[in-house]
**Q** 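This is the structure, below, for whatever I ask next.
In what follows, every heavy atom counts, from backbone to side chain, and hydrogens, waters and symmetry copies are set aside. Atoms within each ligand, like the ligands themselves, are counted from 1 in listed order.
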Amino acid sequence: MIKTISYLGLGTMGSGMASNLLKAGYKLTVWNRNAEKCQPFARKGARVADTPADAVCDVELAMYSLSNDQAVEEVVFGAKGILSGIKQGQIAMDMSTVLPATSLREQEAYAKRGVDFLDAPVFGSKNESANAKLWIMAAGNKAIFEKVKPVLEHLGQTVHYFGKNGNAAAMKLVGNLIVALEMEALAEGLVLAQKAGLDLNRVMEVVKVADFRSPLLVSNGQNILKRDFSTSFALELMLKDAGLIEKFAASLQSPIPALRVAEKNLASAVALGFGNDNASALIKALEKEAGVEVKGR
Ligand code: NAP
């Protein structure tokens, strides 16, 4: 049974997961590029490491959730990175949203050191991470997955095994393609409703119950009406994911015409200066084009 874990990357997602690992009683080591974010964990008994290599040197499982492929490149492959500290028999698990090709590169590099690797990205956002309600996918060696599953069950409400390395990363991009199109649909729909002079609170009452409802449409729609764009999933991360989906789909010659439209609007909203707002701020690009602001009563 795994007892010692390190968590690297204490951003929106990582901080929630690391807190839940502490609550579950694991002996935890933390590392974050901006070391200040480690302090709340130190106060709760976690060891704070100076470098990624130091963070992983004495644990059974090293987990990380980092912004993007570039961050994984630096934290895993860089000087004093995870690979320079991790040893045979340990397990590494990447929970970031990255290209499946990056997961495969990580797996190969870890295998050379006798280290097992799982790609294990998640669905859910800030609240689901904080409340251990994530939807988690994992891929890699089945026996290693079974060993790590009890840990993941402290972080999420579901854990799905996806087979060989890279498959969980691929599923994450499939899901985020759907998420991006839902956000685009919501934004286009609300702007059209506003232009048509509909009562937007009434519109959301229907969105909440109709056969096209989804929790994502409801929570984001209600927040847009309140003009609450506080960040659960940053707009710039969604734009990053759109780029990953585009690359991944191109590598498989799979068509993604609607994603390209959403990506253009995401980029416009980022260019307007809303990159650090929530992904629902995508609507601001359409609002500008339409000359309206979508607001509830
Ligand atoms: P976030 O709040 O921006 O946190 C990003 C983390 O990555 C921080 O710890 C940051 O360190 C670290 N980082 C970034 N660049 C780095 C670098 N070059 N070297 C070292 N560390 C670096 O992001 P998040 O929302 O937690 O997302 C983390 C991952 O989960 C992303 O891949 C995202 O796509 C994915 N994800 C997010 C959500 C969501 O709703 N937020 C949902 C599912 C999946 P600093 O603190 O020093 O900046």
**Q** Salt bridge between Glu146 and Lys142, side-chain N to carboxylate O under 4.0 Å?
**A** yes

**Q** Output yes when a side-chain donor or acceptor of Ser219 lies under 3.5 Å from a complementary backbone atom of Pro215, and no otherwise.
**A** yes

**Q** Just checking, any donor-acceptor pair under 3.5 angstrom between side chains of Thr231 and Asn278?
**A** no

**Q** Heavy-atom contacts with ligand 1 below 4.0 Å: which residues, ordered by chain and residue number?
**A** Gly9, Leu10, Gly11, Thr12, Met13, Trp31, Asn32, Arg33, Asn34, Lys37, Ser65, Leu66, Ser67, Ala71, Glu74, Val75, Ser96, Thr97, Val122, Gly124, Ser125, Lys172, Ser232, Phe233, Leu237, Lys240, Asp241

**Q** Between Asp277 and Lys284, does any side-chain N to carboxylate O distance fall below 4.0 Å?
**A** yes

**Q** Is any side-chain N of the basic residue among Lys3 and Glu60 closer than 4.0 Å to the acidic one's carboxylate O?
**A** no

**Q** Under 4.0 Å between a side-chain nitrogen and a carboxylate oxygen: does that hold for Arg47 and Asp58?
**A** yes

